[in-house]
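Atoms within each ligand, like the ligands themselves, are counted from 1 in listed order. Throughout, numbering of the chain's residues begins at 1 and tracks the sequence.
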Amino acid sequence: MRIDLHCHSTASDGTDTPAELVRNAAAAGLDVVALTDHDTTRGYAEAVAALPSGLTLVTGAELSCRIGGVSMHMLAYLFDPEEPALLAERELVRDDRVPRARAMVAKLNELDVPVTWEQVARIAGEGSVGRPHVAAALVELGVVPTVSDAFTQDWLADGGRAYAEKHETDPFEAIRLVKGAGGVTVLAHPAAAKRGRTVPESDVAELAAAGLDGIEVDHMDHDADTRDRLRGLAKDLGLLVTGSSDYHGSRKTCELGEYTTDPEVYGEITRRSTGAFPVPGAGGA
Ligand code: AMP
Ligand code: FE
Ligand code: FE
Ligand code: ZN
């Protein structure tokens, strides 16, 4: 069983449509794939309709959170997408991404970069707009060679010259909301230092005490030592350990299935969730 529990589509900042994502997941030899777009579930219907037989879809989302001034991501799995409180919070974060992206465009204009909101909106399409879309505009304009090169203090990294904050949920509130919607929570890439400040272990311990289910350990942004440390932390705190690609199509270098989750952990995630069931592929559209 090959299980990849963290992937993005054009519903947020990935480059595969949800249908392309599930087809590519099957072609990559995966048995289970999770769709975890930033702050949205809008890709679900298309992914389900296109789901190849032999592939199971785990519905989820990656929720933008902040604790003590540090931005962090909370993966949420198998929650009820209609549950009103969590739905309202996703909408709040997603809607705030628009004025926030406009603010980043304004900051770039102040820096004499001729990017426009129309250009960013065209790149984002129907997806919840984020920094990778702004970064793709900078690539189009020849300001930086790749999307990743825009994530520096000169441009869009946390605290960078053209960075703007968006509304982000308190992670204790996120855990409460996801549990209220029958879902399971996993702290995404908790030690991805190249993305900026990371949450201290003391915060992870408090989140665990508040009901956090797991942490993502095997991830491209964690080196071998970091993974060992996180595995020890998970053991101490009684947390599940996942591994995932954090696939974003051509906007990042990681391939589908490059990191995977142990089938026993996957089984535990499905046992704990009451908000939704994994969807077995019926052959696809
Ligand atoms: P946002 O949610 O708009 O603040 O943007 C965060 C997203 O930017 C993350 O989910 C990643 O997809 C992307 N990102 C963050 N750091 C990097 C990086 N160093 N290189 C490429 N993409 C990044
Ligand atoms: Fe992303
Ligand atoms: Fe993330
Ligand atoms: Zn992600």
Side-chain angles (χ1 to χ4, degrees), residues 4-16 21 33-41 43 58 60-66 69-77 90 92-105 107-108 120-121 123-124 127-139 144-160 162-169 174 185-198 215-216 218-222 242-256 258-259 261:
D4 187 342
L5 292 181
H6 184 169
C7 300
H8 297 267
S9 76
T10 51
S12 65
D13 57 8
T15 58
D16 288 6
L21 174 69
V33 70
L35 180 62
T36 53
D37 277 305
H38 297 287
D39 308 306
T40 186
T41 61
V58 170
E62 187 174 15
L63 308 175
S64 302
C65 295
R66 185 158 60 222
V70 178
S71 291
M72 47 163 281
H73 290 167
M74 184 75 76
L75 291 160
Y77 297 115
R90 284 200 303 282
L92 190 66
V93 176
R94 208 166 60 233
D95 290 352
D96 196 51
R97 284 173 165 277
V98 174
R100 180 262 198 152
R102 284 178 173 273
M104 290 193 285
V105 167
K107 288 188 178 194
L108 287 163
V120 173
I123 292 168
S128 62
V129 63
R131 280 182 283 172
H133 301 120
V134 180
L138 295 182
V139 174
V144 288
T146 72
V147 164
S148 287
D149 291 303
F151 284 86
T152 64
Q153 287 302 311
D154 276 347
W155 306 113
L156 301 173
D158 288 10
Y163 173 74
E165 281 185 1
K166 61 182 179 300
H167 173 76
E168 294 175 321
T169 308
T185 51
V186 172
L187 186 52
H189 44 71
K194 73 168 195 185
R195 294 171 186 242
R197 286 167 62 204
T198 57
I215 56 176
E216 190 179 53
D218 293 306
H219 184 282
M220 67 181 300
D221 291 350
H222 296 154
T242 68
S244 303
S245 65
D246 202 356
Y247 177 73
H248 280 69
S250 62
R251 248 175 227 136
K252 274 198 190 169
T253 53
C254 203
E255 298 301 330
L256 278 162
E258 195 166 321
Y259 298 100
T261 293

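Scanning all protein heavy atoms for the shortest distance to atom 12 (O) of ligand 1 gives H248 NE2, 2.8 Å. Nearest to atom 16 (N) of ligand 1 among the protein's heavy atoms is F151 CD2, 3.4 Å. Residue, atom and distance of the protein heavy atom nearest to atom 21 (C) of ligand 1 are S148 OG, 3.3 Å. Here the protein heavy atom with the shortest distance to atom 9 (C) of ligand 1 is R195 NH1, 3.8 Å. In terms of protein heavy-atom proximity, atom 6 (C) of ligand 1 is nearest to R131 NH2, 3.8 Å. At the shortest separation from atom 11 (C) of ligand 1 among protein heavy atoms lies K252 NZ, 3.6 Å. The protein heavy-atom contact nearest to atom 2 (O) of ligand 1 is R97 NH2, 2.9 Å.
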CA sep, side-chain torsions, deciding dist, call: S12, T40, side chain to side chain donor-acceptor pair (under 3.5 Å):
CA-CA 7 Å; S12 65; T40 186; over 6 Å; no
Step by step, would you call M220 with T253 a side-chain contact (heavy atoms from CB on, under 4.5 Å)?
CA-CA 9 Å; M220 67 181 300; T253 53; 3.3 Å; yes
Dump the intermediate steps for side chain to side chain donor-acceptor pair (under 3.5 Å) on H8 and D246, then the final yes or no.
CA-CA 7 Å; H8 297 267; D246 202 356; 3.1 Å; yes
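A donor-acceptor contact shorter than 3.5 Å is absent between the side chain of S128 and the backbone of R94. When atom types are taken as modelled, the side chain of D4 and the backbone of L256 share no donor-acceptor pair closer than 3.5 angstrom. Side-chain atoms of T36 come within 3.5 Å of backbone N or O of C7 as a donor-acceptor pair. The main-chain N or O of C254 is never found under 3.5 Å from a side-chain atom of S245 such that the two would form a donor-acceptor pair.
Note on ligand 1: H8 sits outside its first shell, no heavy atom being nearer than 4.0 Å. Heavy-atom separations between K166 and ligand 1 include at least one value shorter than 4.0 Å. The shortest heavy-atom distance from P132 to ligand 1 is under 4.0 Å.
Remark: R251 does not engage D13 in a salt bridge, criterion side-chain N to carboxylate O under 4.0 Å.
With the Fe ion (ligand 2) at the apex, H38 NE2 and D13 OD2 define an angle of roughly 90° (rounded to 10 degrees).
Per residue D246, closest N, O or S atom to the Zn ion (ligand 4): atom name OD1. In terms of distance to the Fe ion (ligand 2), the nearest N, O or S atom of H248 is named NE2. Nearest N/O/S atom of E62 with respect to the Zn ion (ligand 4) is recorded as OE1.
For the salt bridge (Lys or Arg N to Asp or Glu O under 4.0 Å) with D158, the qualifying choice from R197, R131, R66 is R131, the only one to do so.
Using cut-offs of 30° and 60° on the angle between ring planes, the pair H189 and H73 is perpendicular.
In this structure, of R100, H73, E62, the residue bringing a heavy atom nearest to atom 4 (O) of ligand 1 is R100.
In terms of polar-atom proximity, K194 is not counted as a contact of ligand 1, lacking any N or O under 3.5 Å from an N or O of the ligand.
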